[in-house]
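First comes the structure, then the notes that go with it.
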Amino acid sequence: MPVEFLGIAATGDGSETTPRSTAAFDRDYTLRLARAHEDHGWDRVLFAYGAGSPEPAAAAAFLVSHLDRLQILLAHRPNVSYPTFAAKTFATLDQISDGRLTVHFITGGSDHEQQREGDFLSKDERYERTREYIGIVKKAWTSREPFDHEGAHYRFNDFVSDVFPVQQPRPGVSFGGSSDAAYAAGGAEADVYCLWGEPLARTAEQIERVKEAARAAGRTDVPRIQVAFRPIIAPTEELAWEKAHRTVAAIKARRESGDLVRRGRPLGATTPENTGSQRLIEIAEAGERYDRALWTPTAAATGGAGNSNALVGTPETVAEALLDYYDLGVDILSARGYHLLDDAIDFGRHVIPIVREEVAKRDAAKAAAAAERAERDRHQLIAVQA
C-alpha cells in the first residue's frame with residue numbers, strides 16, 4: 001500500500017526548544033515552511049488547533065491559494081461551531097484547495113483547554129458529541145435534499161448546503177485518541193485513525209483496538225492508521241544522540257524557566273487528563289529506549305504533551321524504524337522536528353526517499369507473491385478439472 005508523510009503547518013517558528021521569534025500568524029513563515037514540505041516530498045501538513053491560536057481554516061485557505069500540490073489536514077474542535085456551519089466551511093475550503101482537504105476532529109483531552117472556549121462537557125460527553133457532530137458533517141457534505149436532525153447535542157430542521165466538496169463522496173475524516181470512548185467513536189466514523197508514537201508492541205495493540213471498534217460499529221472496512229513521531233537525525237549515530245540530548249536539555253531549560261507553556265499552562269506542570277499522554281508518561285517511566293530508535297525522554301520532559309516521543313539516529317536508522325511501523329499496518333507517517341523549517345527539509349531530503357523506495361520494494365514483492373499464488377491456484381484448478 002502507498003505510504004504518506006504528514007508534516008506540520010506552523011504559523012510561527014517556535015517549538016519546545018526555541019521561543020517564537022515571529023508573530024503568532026506570520027504570513028511569510030507559514031508559506032516558507034509549507035513550501036519546504038511541498039518541495040521535499042511531503043504529502044500533507046497539519047494545521048493544529050489551540051484556544052487562542054490563529055484560526056486554522058483561514059490559515060489553511062491562505063496556504064492552499066499559494067501552493068499547488070500540498071494537501072491539508074485541518075484540525076477542528078466540535079465545541080467551537082455548529083456542525084452545519086462547519087460543514088460549509090470545510091466544503092468551501094475543499095473547493096479553494098481543489099480537493100486537497102482532510103478534516104481532523106479533536107474531541108479535547110484537557111478540561112481546562114476546552115473550558116477556555118466555553119466547553120464544560122465531561123470527556124465522555126465530548127466523545128458522544130464528536131460522534132454526532134461528524135455524522136452531521138458527513139450528511140451535510142453529501143445530501144442534496146434538506147434534512148432534519150434531532151440528537152443528544154444538536155437539533156435543526158430543513159438544512160441543505162449550497163456548497164459541496166470537490167472530493168466525492170466527501171473529504172476524509174481523521175480522528176485520534178487512546179481511551180475506550182475514543183476507539184468507539186473513531187472506529188465508527190474515522191477514515192484515518194491517528195496515534196502517537198509508542199513502542200511497536202503497544203502500537204500493534206492499539207491498531208487491533210481500532211479494528212475491533214470498527215467491526216463493533218458494523219463497518220466492513222477499517223480506518224487507515226497514522227502514527228506521529230519527533231525525528232532527531234544526524235549524519236552519524238553519535239551526532240544524532242548528541243543532538244537528542246541537547247534537545248532534551250533545551251526543553252528542560254525552557255520548562256524550568258517557566259517559558260515553556262502549552263494551552264495556557266506550563267508543560268509538565270500537572271498530570272495530563274487524556275489517556276494518550278498518560279500512556280506516553282507510563283512508557284517513559286518504564287524505559288528510555290525501545291525497539292530500533294524510539295526514545296522517550298522528549299516525552300518525559302514535556303509531561304507527555306502531544307506528539308512527543310522521538311526517533312533518534314541516522315536517516316537510515318530512522319527510515320528503518322518507520323518501516324517497522326509500516327510493516328505493522330501504518331501507512332501515514334507523521335513527523336515534526338524541533339527546528340521546524342530545517343528539520344522538514346532534512347527529513348524530506350534524507351529520510352522520505354529511503355522509506356518510499358523500501359515501501360515500493362515491499363509492495364512489488366507482495367504483488368509478485370500474489371501473482372505467483374494466483375498462477376499456482378489456476379494450475380491446481382486446471383488439474384482438478386482435468
Side-chain angles (χ1 to χ4, degrees), residues 4-77 80-81 85-106 113 116-117 163 165-167 171-172 174 228 230-231 250 254 259-264 267 305-307 334-349 352:
E4 295 183 10
F5 287 92
L6 170 69
I8 191 70
T11 60
D13 65 354
S15 76
E16 296 93 330
T17 61
T18 309
R20 191 179 71 208
S21 67
T22 64
F25 178 70
D26 185 294
R27 288 166 52 99
D28 292 340
Y29 183 84
T30 300
L31 189 55
R32 189 183 318 125
L33 179 61
R35 280 182 172 148
H37 284 86
E38 184 170 81
D39 292 343
H40 291 89
W42 299 78
D43 296 286
R44 71 184 74 234
V45 288
L46 166 67
F47 275 93
Y49 189 95
S53 299
E55 203 287 306
F62 162 74
L63 193 66
V64 297
S65 67
H66 288 79
L67 299 177
D68 298 323
R69 300 184 306 278
L70 196 65
Q71 299 177 59
I72 299 300
L73 178 59
L74 179 71
H76 178 76
R77 287 185 188 161
V80 300
S81 72
F85 175 83
K88 294 186 297 180
T89 300
F90 303 146
T92 304
L93 183 54
D94 200 53
Q95 289 284 343
I96 294 170
S97 68
D98 196 23
R100 287 181 278 156
L101 176 69
T102 300
V103 181
H104 180 65
F105 289 92
I106 300 175
E113 171 71 0
R116 294 175 76 191
E117 293 188 289
V163 56
V166 170
Q167 298 176 79
S174 171
R230 306 300 294 271
R254 291 198 67 205
D259 184 41
L260 190 55
V261 176
R262 178 182 173 90
R263 296 174 181 170
L267 280 183
N307 170 23
S334 174
R336 172 166 54 98
Y338 290 93
H339 191 293
L340 301 181
L341 183 60
D342 290 349
D343 288 345
I345 293 170
D346 287 346
F347 189 89
R349 282 177 174 168
I352 289 178

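Remark: S15 OG to L341 CG distance equals 12.0 Å, nearest 0.5 Å. A distance of 8.0 Å separates CZ in F47 from CG in L74, rounded to the nearest 0.5 Å. To the nearest 0.5 Å, atoms CD1 (I8) and CG (D343) are separated by 13.0 Å. Atom CG of residue L6 and atom CD of residue Q71 lie 10.0 Å apart, to the nearest 0.5 angstrom. In this structure, the separation between CZ on F85 and CZ on F90 is 9.5 Å, given to the nearest 0.5 Å.
Contact annotation: the side chain of D39 never approaches that of I345 to less than 4.5 Å [non-hydrogen atoms, C-beta and beyond]. No side-chain heavy atom of H76 sits under 4.5 Å from any side-chain heavy atom of P56.
Without hydrogens or angle criteria, T22 side chain to D13 main chain gives a donor-acceptor distance under 3.5 Å. The main-chain N or O of G337 is found under 3.5 Å from a side-chain atom of R230 such that the two form a donor-acceptor pair. S97 contributes a side-chain N or O that, together with a main-chain N or O of L93, makes up a donor-acceptor pair within less than 3.5 Å. Side chain of W42 to main chain of A344: a donor-acceptor pair is present (N/O by atom type, distance under 3.5 Å, no hydrogens or angles). A distance-only check finds a donor-acceptor pair linking the side chain of E113 to the backbone of A51 [under 3.5 Å]. Side-chain atoms of Q167 never come within 3.5 Å of backbone atoms of D94 as a donor-acceptor pair (strictly under, hydrogens ignored).
I72 approaches A60 most closely through the heavy-atom pair CG2-CB, 4.0 Å. Across every non-hydrogen atom of P54 and T11, the tightest pair is CG-OG1, 3.6 Å. For the residue pair A34 and L70, the shortest heavy atom distance occurs at O-CD2, 3.6 Å.
Evaluation of the ring-ring contact (aromatic ring centres under 6.0 Å, His included) test over residues 16-36, restricted to residues two or more places apart or in two chains, returns F25-F62.
Salt-bridge annotation for R35 and E38: absent, with no side-chain N of the basic residue lying under 4.0 Å from a carboxylate O of the acidic one.
For H40 and F347, the ring centers sit 6.0 Å or farther from each other.
There is a side-chain donor-acceptor pair under 3.5 Å between T102 and R44.
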